[in-house]
Peer 1: 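So that we are looking at the same thing, I have put the structure below in structure tokens.
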Amino acid sequence: MKVLVIGAGNMGLTYAEGISKSKLLKKRNIMVLDKSEEKLEEINQISHFDAFRELDDCIPNADIIFIAVKPYHAEGVFKSIRTLVKPQQIIISIMAGITIASIKEITGLDKVVRAMPNLPAQIGKGLTSYVTSPEVSRIEMLTIESLLDTTGKSIRVSSENLIDASTGISGSGPAYVFYFMQSMMEAALQMGFSKTDSTVLVSQTFTGAIELFNQSNLSPNSWMDKVASKGGTTRAALDSMEDNNVNELIKEAAFAAFSRAVELGKKH
């Protein structure tokens, strides 16, 4: 099996690297295509990839094709590969908002996977949600899941609407966490901590809280109850968040990302 990644940006190279490290494929069976000479030079320094600039040099040899370009480049890429692809090839798109129907229409291919990864994929801790067209077989689906799992974990969802929804939760979610961290670090600085100590205080707090959550069956609400005692400091902070409607604001932010993903699909 040969895998081609079109687009050598952060996420494209993340999947190429993840697949390479997983040993699922032989090293020379991972191909990466990009139009940037600078990117190609960078890729050529990585001995386990074959780098290409022209589609007709690599498309015919691929079994699975990852499309990892910006959504506004999608139509151009799909039109370019249409005359080169073969019916048995599988397209995996990791572009926000681009629907399976539009990919089928422009490429002429039936086997299409739409996936939504997130940034922690770069360190093998990512989450990718995906949905497939009906033409993708059960065996092919298992292969696809194995490839997606090389960057962390994957979940198969039942509809494209849930891909857009996962954009608002896991796809954009790391930024929400960083936003919260930044606010806490700024508060620590205002309280008198140094920048270094503020960073350690916040990062270790997040790391510890996530580990506690992952190693138990307790809900976030249950953990909050364990930390917060009546009339105590934590309860004062949680009460402040409730008074300021933080819970609803976070949900509104997630839905804003969800809505934008839907808008991108309509636009492109």
Side-chain angles (χ1 to χ4, degrees), residues 5-15 33-36 65-82 85 90-122 125-136 144-145 148 151-183 244-268:
V5 177
I6 297 179
N10 287 336
M11 203 53 70
L13 285 180
T14 290
Y15 274 104
L33 178 140
D34 201 273
K35 293 297 184 181
S36 166
I65 304 168
F66 276 81
I67 308 293
V69 300
K70 298 295 185 184
Y72 53 82
H73 290 312
E75 187 173 356
V77 170
F78 291 145
K79 285 182 177 178
S80 297
I81 70 175
R82 184 182 176 91
V85 294
I90 300 172
I91 292 279
I92 301 178
S93 167
I94 58 174
M95 298 178 292
I98 308 299
T99 65
I100 288 176
S102 64
I103 296 171
K104 281 186 168 187
E105 181 181 353
I106 302 175
T107 65
L109 290 176
D110 290 324
K111 297 181 179 182
V112 178
V113 179
R114 186 175 164 198
M116 175 48 58
N118 66 1
L119 193 62
Q122 294 184 1
K125 296 289 186 180
L127 188 285
T128 303
S129 57
Y130 74 97
V131 65
T132 70
S133 63
E135 293 82 0
V136 177
I144 290 161
E145 191 165 294
L148 297 177
T151 59
K153 295 181 179 181
S154 65
I155 58 170
R156 180 174 173 245
V157 297
S158 58
S159 70
E160 288 192 75
N161 185 62
L162 289 176
I163 293 293
D164 290 328
S166 69
T167 302
I169 302 300
S170 59
S172 301
Y176 314 159
V177 176
F178 297 140
Y179 189 96
F180 206 98
M181 291 178 70
Q182 180 65 34
S183 297
N244 286 286
N245 214 25
V246 172
N247 180 280
E248 290 302 316
L249 291 175
I250 291 172
K251 287 188 283 189
E252 284 181 20
F255 272 95
F258 176 18
S259 298
R260 181 57 179 158
V262 174
E263 288 172 9
L264 284 172
K266 292 177 180 178
K267 179 179 179 181
H268 296 292

Peer 1: In terms of side-chain geometry, is the basic nitrogen of Glu135 or Lys104 positioned less than 4.0 Å from the acidic oxygen of its partner?
Peer 2: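 Salt bridge between Glu135 and Lys104, a charged N being under 4.0 Å from a carboxylate O: yes.
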Peer 1: Identify the heavy atoms of Ile91 and Ile81 that sit nearest to each other, and give their distance.
Peer 2: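 Closest approach of Ile91 to Ile81: CD1-CD1, 3.9 Å.
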Peer 1: Can you tell me if Lys125 has over 12 outside heavy atoms packed within less than 6.0 Å of its NZ?
Peer 2: no
Peer 1: Can you name the closest pair of heavy atoms from Asp34 and Ala8 and give their distance?
Peer 2: OD2-N, 2.8 Å
Peer 1: Measuring from Ile65:CD1 to Leu109:CG, what's the distance to the nearest 0.5 Å?
Peer 2: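 Between Ile65 CD1 and Leu109 CG, I get 7.0 Å after rounding to 0.5 Å.
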Peer 1: Of all the heavy-atom pairs spanning Val5 and Ala68, show the shortest one and how long it is.
Peer 2: CG1-CB, 4.5 Å
Peer 1: Looking only at non-hydrogen atoms, find the nearest pair between Ala257 and Ser172 and report the distance.
Peer 2: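 Closest heavy-atom pair between Ala257 and Ser172: CB-OG, 3.8 Å.
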Peer 1: Main chain of Ser154, side chain of Glu145: is a donor-acceptor contact present, judged purely on distance under 3.5 Å?
Peer 2: no
Peer 1: Run the side-chain contact (heavy atoms from CB on, under 4.5 Å) test on Asn10 and Gln122 for me, step by step, so that the C-alpha distance in whole Å, both residues' side-chain angles and the decisive distance to 0.1 Å come before the verdict.
Peer 2: CA-CA 8 Å; Asn10 287 336; Gln122 294 184 1; 3.5 Å; yes
Peer 1: Where do Met95 and Ile67 come nearest, in terms of heavy atoms and distance?
Peer 2: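 Heavy atoms of Met95 and Ile67 come nearest at CE-CG2, 3.6 Å.
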Peer 1: For the atom pair OH (Tyr130) and OG (Ser93), what is the distance rounded to the nearest 0.5 Å?
Peer 2: 15.5 Å
Peer 1: Using only atom types and a distance under 3.5 Å, with no angle test, would you say the side chain of Ser166 pairs donor to acceptor with the backbone of Ser129?
Peer 2: no
Peer 1: Between atom CD1 of Ile98 and atom OH of Tyr72, what is the distance when rounded to the nearest 0.5 Å?
Peer 2: 12.0 Å
Peer 1: Pairing donors with acceptors under 3.5 angstrom, does anything connect the side chains of Thr128 and Tyr15?
Peer 2: yes
Peer 1: Go through the steps for Val131 and Val113 under the test side-chain contact (heavy atoms from CB on, under 4.5 Å), then give the verdict.
Peer 2: CA-CA 6 Å; Val131 65; Val113 179; over 6 Å; no
Peer 1: For the atom pair CZ (Phe258) and CD1 (Ile163), what is the distance rounded to the nearest 0.5 Å?
Peer 2: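 One gets 11.0 Å once the value is rounded to the nearest 0.5 Å.
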Peer 1: Is the number of heavy atoms from other residues, nucleotides or ligands under 6.0 Å of Asn161 CG greater than 12?
Peer 2: yes
Peer 1: Roughly how far apart are Leu119 CG and Met11 CE, rounded to 0.5 Å?
Peer 2: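 Taking CG in Leu119 and CE in Met11, the distance rounds to 5.5 Å.
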Peer 1: Step by step, would you call Glu75 with Ile106 a side-chain contact (heavy atoms from CB on, under 4.5 Å)?
Peer 2: CA-CA 7 Å; Glu75 187 173 356; Ile106 302 175; 4.1 Å; yes
Peer 1: Verify, without hydrogens or angle tests, whether Ser102 (side chain) and Thr99 (backbone) share a donor-acceptor contact under 3.5 angstrom.
Peer 2: yes
Peer 1: Which pair of non-hydrogen atoms, one from Ile6 and one from Val69, has the smallest distance, and what is that distance?
Peer 2: O-CG1, 3.7 Å
Peer 1: May I have the step-by-step check of side-chain contact (heavy atoms from CB on, under 4.5 Å) for Arg114 and Asp164, ending in yes or no?
Peer 2: CA-CA 10 Å; Arg114 186 175 164 198; Asp164 290 328; 2.6 Å; yes
Peer 1: State, with a plain yes or no, whether a side-chain heavy atom of Ile90 is found less than 4.5 Å away from one of Phe66.
Peer 2: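 They are not in contact (no side-chain heavy atoms under 4.5 Å apart), so the answer is no.
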Peer 1: In Å and rounded to the nearest 0.5 Å, what is the OG to NE2 distance from Ser80 to His73?
Peer 2: 11.5 Å
